[in-house]
Amino acid sequence: MRPSTTLFAFLSLLSAVNGELHQLIVGTFGTEHLYTLEFDDSALTLELIGNFTTNAASSWIALSHDKKNLYGTSFTASSPAFVSYTLGSATDIIYNTTLALGGNCSSSKAIFVAAASKSPYAVYGTPFGGSAECGSVMSVDENGVLLEVIQNYTYQSTSGVHGMAMNANNSFIYSADDSANTLWTHSVDSTTGELTYVSSIAGPVTGADPRHVAVHPEGQYLYVILEGANELAQYSIDQATGIPSFENVTYSLIPSGATSSSYWSDEVALSFSNNYLWATSRARSTNSTGYISAFSLESDGSIESQLFLNATSSSGGTANSVAPSPFSDQFVALTDSAVGFVQIWQLGSDGASASVVASVDIEDGGCCANAVWYS
Ligand SMILES: *[C@@H]1O[C@H](CO)[C@@H](O)[C@H](O)[C@H]1NC(C)=O
Ligand SMILES: *[C@@H]1O[C@H](CO)[C@@H](O)[C@H](O)[C@H]1NC(C)=O
Ligand SMILES: *[C@@H]1O[C@H](CO)[C@@H](O)[C@H](O)[C@H]1NC(C)=O
Ligand SMILES: *[C@@H]1O[C@H](CO)[C@@H](O)[C@H](O)[C@H]1NC(C)=O
Ligand SMILES: *[C@@H]1O[C@H](CO)[C@@H](O)[C@H](O)[C@H]1NC(C)=O
Ligand SMILES: *[C@@H]1O[C@H](CO)[C@@H](O)[C@H](O)[C@H]1NC(C)=O
Ligand SMILES: *[C@@H]1O[C@H](CO)[C@@H](O)[C@H](O)[C@H]1NC(C)=O
Ligand SMILES: *[C@@H]1O[C@H](CO)[C@@H](O)[C@H](O)[C@H]1NC(C)=O
């Protein structure tokens, strides 16, 4: 461990609170609404300030690079589709269009959507369940609104890709194939955004089941949530080929001695400064709690240490998704779909724990899936 990394990490932690208002948008698994929340980072309050009725529940939402558009899965449509909204503000949400997933799949639900951070700002979507080997690459118009499916690509017949992430320069995209226990690498055409298959590698053990992924901006490390193994795995990325390799670096997302089959791990995401990584697990029974964990990172993105593993206040339902704030390493939003709430967690000043500082209940049925920070 290099002391400078830790010192920098804690400095960025301490200088974070600005006394400002921040807005988040939250999607749901069941109700056709998008909710807007406002967080005050000095009073530590969270309030519901918007309830937008739309035509699709979105199991996953993603902001465009400039936050002028929001893309969502259509979880209620009878066949997989993706929805596009224009954002005038966090509460000024305007529905634009819905695009059907292309290709020859009989899956019924779209599960995940990711937006490129670089031109041509293509949007990537996948279905889950049933015959779910298809993926869609969608183009956007000059305002960032979804335009058309420009490529139907395929994984394999047993696939179900639950999460994707691009590297910082958008040259590669990684797909976490939960159903086929596989991690896929595709290269990205920098002119069109279309994908070319590079590699597919099996999860580290049978039933590991990669679910969500994140890439460190330096491009050397890929973090993978192994839903079935209830671990966070660190993969190193070959700089020439983009292919990740497993080097047996894993951290448990449930306490030692816990029964792995009672949990399913969920999400991994980098903090504001990229000095921390957050990850969560969910309990399969609503009688148990899930867990939230954070890791400190070296400047190259390798994991320095697991800082803590704290119980969440509910099972998390099908969520317990974490969304680190874009303005401070201290705050992350956590969503629950068992009860229906969004919480803001704050990293303890010693970095050795985290706790809930604000919460809003949204008990409409189906809330809450994932949250994105608009500001
Ligand atoms: C999307 O909605 C915005 C806001 O109403 C509108 O200005 C724009 O023309 C719409 N674009 C498309 C492609 O529908
Ligand atoms: C994608 O698949 C759909 C049918 O599922 C087809 O209508 C469309 O032309 C395809 N798009 C491309 C770019 O191949
Ligand atoms: C779609 O897939 C099904 C099942 O694999 C196959 O029977 C059918 O011929 C395919 N249709 C097209 C248009 O490729
Ligand atoms: C994009 O990042 C990858 C991984 O860090 C690197 O190998 C590649 O050279 C970069 N490409 C460009 C065009 O910068
Ligand atoms: C991975 O590490 C664990 C202990 O952390 C060890 O038991 C196991 O044998 C290692 N596996 C490989 C393939 O090196
Ligand atoms: C959960 O708790 C309820 C009430 O205490 C009990 O009836 C039920 O069997 C428990 N379920 C599980 C899966 O433990
Ligand atoms: C959080 O985890 C830390 C370290 O693992 C532990 O010391 C602390 O008691 C936990 N706090 C709660 C509220 O569970
Ligand atoms: C959101 O709006 C719907 C329809 O107007 C309403 O039924 C629901 O109770 C509202 N939800 C919340 C949490 O205010």
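Just so you know, ligand 1 is whichever comes first in the structure, and atom 1 is the first atom listed for that ligand. All residue numbers refer to positions in the sequence shown, counting from 1.
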Closer than 4.0 Å to some heavy atom of N248 - which atoms of ligand 5 meet that?
1 (C), 2 (O), 3 (C), 8 (C), 10 (C), 11 (N), 12 (C), 14 (O)
Closer than 4.0 Å to some heavy atom of S171 - which atoms of ligand 4 meet that?
1 (C), 2 (O), 3 (C)
Within 4.0 Å of some non-hydrogen atom of Q239, the atoms of ligand 4 are 4 (C), 5 (O), 7 (O)
Report yes if the distance between the aromatic ring centroids of H216 and Y221 is under 6.0 Å, otherwise no.
no
Quick one about E133 and T154 (side-chain donor to acceptor, distance below 3.5 Å, no hydrogens or angles considered), yes or no?
no
With sequence neighbours excluded, tell me which residues meet side chain to side chain donor-acceptor pair (under 3.5 Å) with T28.
T31
In sequence, state the C-alpha distance, the side-chain angles, and the governing distance for D329 and S273, and then conclude on side-chain hydrogen bond (donor to acceptor under 3.5 Å, both in side chains).
CA-CA 6 Å; D329 283 340; S273 70; 2.6 Å; yes
Ligand 4 versus N167, non-hydrogen atoms closer than 4.0 Å: side chain, backbone, both, neither?
side chain
Provide, line by line, the atom pairs where ligand 1 and the protein bring an N/O atom each to a distance under 3.5 Å; else say none.
| unit_1 | atom_1 | unit_2 | atom_2 | d |
| --- | --- | --- | --- | --- |
| ligand 1 | 2 (O) | N96 | OD1 | 3.2 |
| ligand 1 | 2 (O) | N96 | ND2 | 2.4 |
| ligand 1 | 11 (N) | N96 | ND2 | 2.9 |
| ligand 1 | 14 (O) | N96 | ND2 | 3.0 |

Taking atom types as modelled, is there a side-chain donor on S314 or D336 under 3.5 Å from an acceptor on the other?
yes
To the nearest 0.5 Å, atom CG of L87 lies from atom CG of N69 at 6.5 Å
If you round to the nearest 0.5 Å, how far is CG of L222 from CG of N167?
10.0 Å
If we ignore angles and hydrogens, is there a donor and acceptor under 3.5 Å between the side chains of N96 and S84?
no
